[in-house]
Asks: 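After the structure tokens below, expect a handful of questions from me.
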Amino acid sequence: MKSLFFNSLKEAVSQVYGKDVAIEKKQTVHGGDANDAYKLFLSNGEALFLKVNTISNADFFRAEAEGIDAIRATHAIRVPQIHAIGTDNGYSFLLMEYIDRAGARPGFWEKLGENLAVMHKSDTAIFLNNGKYGLENDNYIGAGKQKNIPKTSWIEFFSECRLRPQFELAAGYFDSTIIRKANSLLDNLDRFLYEPEKPSLLHGDLWSGNFMSDENGQPMLIDPAVYVGCNEADIAMTELFGGFDSRFYMAYFAAMGAVPGYEERRDLYNLYHLTNHLNLFGSAYLSAVVRTIERYS
Ligand code: ADP
């Protein structure tokens, strides 16, 4: 489903609950990293969730809405209903269902793992007109651009659309030895990675800030950077900043099956996110990036 585009927030809200309904109050929601977020209290007693950015970043919300809709199409896990994207007086917005979060219910982690496995097993042909990996449109990883040019090889996709663009952006941080090692790593990725038996729709940015529990304490995914890839790239990301609960991994691998050697590939998949962090947030991430390049080259 294509999200409806509006030139006014008021009109976008009217489209959800009718013309008589007005925004009575806005309350800041903390916890995001790229956008400003608000709970909108409406005159009919309902609430909506609003994300806001500059006009020049309006494409973030086109990409986020498409990503949410792609995950919804797998019927594997709940995602928020998207009501509208648009621009208004000097800003761009994404308007969606407000989720009144409750504490996670017993079985939350297992369900998150099982649901993610269902998503990773679902048919990906609907997301690509040609090729096996990638997506029809580019999107964003945080505030960074993410290329999704479809390829028939996963290893080629990971090299050309993931690592290489990040290495090129980071070139100013690297000395000539690291540049040589990074290029050699790109040439030798097939020594470390394999072509999956089946491609998977990935969330693409699966850290602990991008899932939440809904009003029934059940898991939901938010804020994706979707593309079709190898399932291990999503699992690797869950481990980048501390890891999810062990019940998540038990349930996920029980449902999905595991390919031996994942632990040796994990940091290579996360090199993409680490280099993106280097490019977005600066040199605090440089030593981790360099260490990982050296380890694999
Ligand atoms: P950003 O794009 O800035 O990272 P997020 O999508 O992560 O923003 O949202 C910011 C915070 O708002 C999240 O940490 C989450 O707690 C909360 N949130 C996200 N989506 C919803 C929603 N639909 N309803 C209620 N709260 C939400």
Side-chain angles (χ1 to χ4, degrees), residues 1 3-4 6 9 12-13 15-17 23-42 44-72 77-88 91-105 108-109 112 115-116 137-146 202-227 234 237-238 240-242 244 273 276-277 279-281:
M1 185 196 83
S3 295
L4 295 170
F6 287 84
L9 177 59
V13 170
Q15 171 258 156
V16 185
Y17 288 118
I23 300 169
E24 289 199 327
K25 201 174 85 176
K26 261 189 192 175
Q27 186 180 71
T28 302
V29 177
H30 299 285
D33 47 17
N35 306 289
D36 292 330
Y38 303 94
K39 178 177 184 180
L40 301 183
F41 294 83
L42 306 181
N44 63 352
E46 300 286 343
L48 289 170
F49 186 69
L50 177 75
K51 285 169 69 160
V52 167
N53 208 310
T54 58
I55 292 265
S56 59
N57 285 331
D59 196 51
F60 284 1
F61 294 142
R62 183 273 310 157
E64 181 169 342
E66 284 179 11
I68 292 273
D69 286 344
I71 294 177
R72 179 178 302 102
I77 184 161
R78 186 172 174 197
V79 285
Q81 191 64 45
I82 302 287
H83 292 307
I85 54 176
T87 54
D88 203 328
Y91 63 90
S92 58
F93 66 84
L94 172 59
L95 185 68
M96 63 175 109
E97 170 187 17
Y98 182 82
I99 307 294
D100 226 341
R101 283 170 291 167
R105 280 274 172 85
F108 176 91
W109 286 108
L112 181 61
N115 289 356
L116 192 72
N137 294 321
D138 290 349
N139 50 19
Y140 299 87
I141 179 69
K145 277 192 184 299
Q146 179 162 267
L202 307 185
H203 176 283
D205 194 8
L206 196 53
W207 69 290
S208 58
N210 282 345
F211 68 81
M212 61 185 213
S213 61
D214 69 10
E215 53 282 86
N216 300 312
Q218 303 298 327
M220 296 184 66
L221 294 181
I222 57 170
D223 212 8
V226 300
Y227 64 100
D234 253 0
M237 171 105 212
T238 68
L240 181 57
F241 301 117
F244 288 10
H273 296 291
N276 182 47
H277 275 66
N279 287 320
L280 292 178
F281 306 118

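Both counts, for ligands and for their atoms, begin at 1 and track the order of listing.
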Asks: What atoms of ligand 1 come within less than 4.0 Å of a heavy atom belonging to V29?
Replies: 12 (O), 17 (C)
Asks: Can any side-chain N or O of N44 pair as donor or acceptor with the backbone N or O of E46 at less than 3.5 Å?
Replies: yes
Asks: Using a 4.5 Å cut-off on heavy atoms from C-beta on, say whether the side chain of Y38 contacts that of V52.
Replies: yes
Asks: Measure from the side-chain N and O atoms of N210 to the backbone N and O of D205, and report whether any donor-acceptor pair falls under 3.5 Å.
Replies: yes
Asks: Would you say the side-chain atoms of N139 and E66 include a donor-acceptor pair closer than 3.5 Å?
Replies: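 No - no donor-acceptor pair under 3.5 Å links their side chains.
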Asks: If you measure from each heavy atom of H30 to ligand 1, is any distance below 4.0 Å?
Replies: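 Yes; H30 lies near enough to ligand 1 that a heavy-atom distance drops under 4.0 Å.
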Asks: Looking at every non-hydrogen atom in both residues, tell me the closest pair between M220 and D214 and how far apart they are.
Replies: SD-CB, 3.6 Å
Asks: Counting only N and O atoms by type, is there a donor-acceptor contact under 3.5 Å from the side chain of R78 to the main-chain atoms of S213?
Replies: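 Judged by distance alone, no pair lies under 3.5 Å.
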Asks: Quick check: does any side chain N or O of D234 sit under 3.5 Å from a backbone N or O of G204, one acting as donor and the other as acceptor?
Replies: yes
Asks: Give the residue, atom name and distance (to 0.1 Å) of the protein heavy atom nearest atom 16 (O) of ligand 1.
Replies: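 Among all protein heavy atoms, the one nearest atom 16 (O) of ligand 1 is R101 NH1, 2.8 Å.
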Asks: Considering non-hydrogen atoms of the protein only, which is the closest contact for atom 13 (C) of ligand 1, and what is the distance?
Replies: I222 CD1, 4.1 Å
Asks: Specify the protein heavy atom at minimum distance from atom 6 (O) of ligand 1: its residue, its atom name, and the distance to 0.1 Å.
Replies: K51 NZ, 2.5 Å
Asks: Measure the distance from atom 3 (O) of ligand 1 to every protein heavy atom, then report the residue, atom name and distance (to 0.1 Å) of the closest one.
Replies: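 Answer, as residue, atom name and distance: N35 N, 2.9 Å.
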Asks: Between I99 and ligand 1, find which residue part has any heavy-atom pair under 4.0 Å and reply side chain, backbone, both or neither.
Replies: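 Both of them.
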Asks: Which residue and non-hydrogen atom of the protein lie closest to atom 23 (N) of ligand 1, and at what distance in Å?
Replies: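 Of every protein heavy atom, E97 O, 2.9 Å lies nearest to atom 23 (N) of ligand 1.
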Asks: Give the atom numbers and elements of ligand 1 that come within less than 4.0 Å of a heavy atom of G31.
Replies: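 Here the atoms of ligand 1 in question are 14 (O).
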Asks: I'd like to check which ligand 1 atoms, numbered from 1 as shown, lie under 4.0 Å from a non-hydrogen atom of A34.
Replies: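 Per the distance check, 1 (P), 3 (O), 4 (O).
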Asks: Determine whether the side chain, the backbone, both or neither of Y98 has a heavy atom under 4.0 Å from any heavy atom of ligand 1.
Replies: both
Asks: Can you check whether F49 has an N/O within less than 3.5 Å of an N/O in ligand 1?
Replies: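 No: no nitrogen or oxygen of F49 is under 3.5 Å from one in ligand 1.
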Asks: Using modelled atom types only, decide if a donor and an acceptor are shared between the side chain of H83 and the backbone of L4 within a distance under 3.5 Å.
Replies: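 Here the side-chain-to-backbone pair does not exist.
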Asks: Do me a favour and list the nearest non-hydrogen protein atom to atom 1 (P) of ligand 1 with residue, atom name and distance?
Replies: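 The protein heavy atom lying closest is D223 OD2, 3.5 Å.
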Asks: Taking T54 for the side chain and Y91 for the main chain, is one N or O donor matched with an acceptor at less than 3.5 Å?
Replies: no
